[in-house]
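These figures come from a predicted structure and were not determined experimentally. Within every chain, numbering begins at 1; the chains are lettered A, B, ... in the order of the sequence lines, protein sequences first and strands thereafter.
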There are 2 protein chains.
Amino acid sequence: MLQEIVELEKLQKSDYRLTPQRKAVIKALMELDDEHPNAETIFNRARRYCPTIGIATVYRTLDVLIETGVIKKLPFPSRRGHYEIQKSPHIHFICQKCSQTYELDDEEKSFTVYQELEKKGYKVRNVSINVFGLCPDCGNK
Amino acid sequence: MLQEIVELEKLQKSDYRLTPQRKAVIKALMELDDEHPNAETIFNRARRYCPTIGIATVYRTLDVLIETGVIKKLPFPSRRGHYEIQKSPHIHFICQKCSQTYELDDEEKSFTVYQELEKKGYKVRNVSINVFGLCPDCGNK
DNA sequence: ATGTGTGCAAACGCTTTGCAGTGGG
DNA sequence: CCCACTGCAAAGCGTTTGCACACAT
């Protein structure tokens with residue numbers, strides 16, 4: 001996977017070691033990226049590639065990956081943390097009935113917000129747009 | 001307070017009882033609304049108006065208020081829950097250094113998102129835009 | 001040799017739940 | 001008068017931390 005190499009390089013450049021555990025977590029994150037996984041889901045997938053990994057290491061690795069900008073923690077009003085690889089901005093639509101999360105492009109809108117806030121003196125690192133309601137499936141039942 | 005009466009009526013209309021505890025929580029939420037309070041902060045303020053209230057009741061009341069649309073749980077990637085009275089959409093800017101949260105108007109942008117998604121078959125109940133970065137204070141140090 | 005990184009298990013902190021009692025409508 | 005609601009304390013659950021060990025450099 002080409003993309004994976006990019007992520008691994010980001011880590012190396014920041015004085016963090018590329019351990020089997022960290023590689024396993026990144027691999028898990030890449031594979032699960034379309035479902036906004038929580039720590040437990042990432043943990044279970046990462047075990048395929050590093051069976052001895054512990055949940056604490058997953059949490060510590062997620063912190064490292066957030067710090068180096070590889071992933072971000074998603075701002076959902078959920079009790080558990082959800083994570084995704086950093087990529088171009090998009091809208092998250094979260095269905096309040098079935099909890100499905102949809103991704104919808106929104107580079108343009110995010111960019112406008114970005115520009116306006118930078119003009120006002122804010123340094124913008126991440127724009128996040130979440131929409132809550134009923135998805136087409138749940139809304140028509 | 002005029003606004004408070006509106007919130008109380010919403011509750012009454014939904015077959016929920018207007019207890020001193022619930023009134024106290026609503027009053028606390030109104031007073032603290034500009035600081036996106038967590039349950040503990042709401043609890044401490046509510047005790048001014050109902051000294052015997054318990055934290056469990058605060059949590060249960062918050063659930064009721066969310067269900068009736070009086071308040072919403074804010075989608076911040078924080079471990080604790082944060083709440084605010086439902087009002088017209090705005091951007092939250094959350095400083096990653098000092099954790100200050102700023103509110104910035106954005107009715108227009110939210111409305112555009114709203115319209116586009118409704119066209120696609122989603123039923124939108126709540127649009128939430130969060131921006132993360134450094135606030136003017138922290139960015140210039 | 002040094003210190004970053006790890007697994008385990010225990011601790012932590014916020015939130016939820018069970019239950020017996022209370023009071024609003 | 002009945003049942004929604006409450007306070008208390010205990011349990012629950014996701015996350016963090018302390019510690020001894022491992023292993024890269």
Check: A:Asn38 side chain, A:Arg80 main-chain N or O, donor-acceptor pair, under 3.5 Å: no
Using OP1 and OP2 only, check whether a side-chain N or O of B:Thr57 sits under 4.0 Å from D:dT6. no
So do A:Leu117 and B:Leu104 actually touch side chain to side chain, heavy atoms under 4.5 Å? yes
Categorize B:Ile55 for me: base, sugar-phosphate, or nothing, with a 4.0 angstrom heavy-atom threshold over every strand shown. nothing
OP1 or OP2 of D:dT6 under 4.0 Å from side-chain N/O of B:Thr19: yes
Find the distance B:Lys23:NZ to C:dG24:P and express it as a whole number of Å. 9 Å
Hey, are A:Glu35 and A:Arg45 close enough for a salt bridge, meaning a charged N less than 4.0 Å from a carboxylate O? no
Send over the distance from A:Tyr59 OH to C:dC12 C1', rounded to a whole Å. 13 Å
Atom CG of B:Leu62 to atom P of C:dC14: distance rounded to whole Å? 15 Å
Which atom of B:Lys23 lies closest to which atom of B:Leu18, heavy atoms considered: CE-O, 3.9 Å
Could you state the atom-to-atom distance from CD of B:Gln21 to C1' of D:dA4 in whole Å? 12 Å
Side chain of A:Arg60, base of C:dG7: donor and acceptor closer than 3.5 Å? yes
Rounded to whole Å, please give me the gap between CZ in A:Arg17 and C1' in D:dA24. 5 Å
With A:Pro77 as partner, the option from B:Lys73, B:His82, B:Lys72 fulfilling side chain to side chain contact (heavy atoms under 4.5 Å, CB included) is B:Lys73
I need the CZ-C1' distance between B:Arg79 and D:dT16, as an integer number of Å. 7 Å
Rounded interatomic separation in angstrom, taking CD1 from A:Ile42 and P from D:dT15: 10 Å
Rounded to the Å, how far apart are B:Leu18 CG and D:dA4 C1'? 13 Å
Position toward the 5' end of DNA chain C (nearest nucleotide), A:Thr52 or B:Lys73: A:Thr52
Please compare A:Arg80 and B:Cys50 by the position of their nearest nucleotide in DNA chain D and report the one closer to 5'. B:Cys50
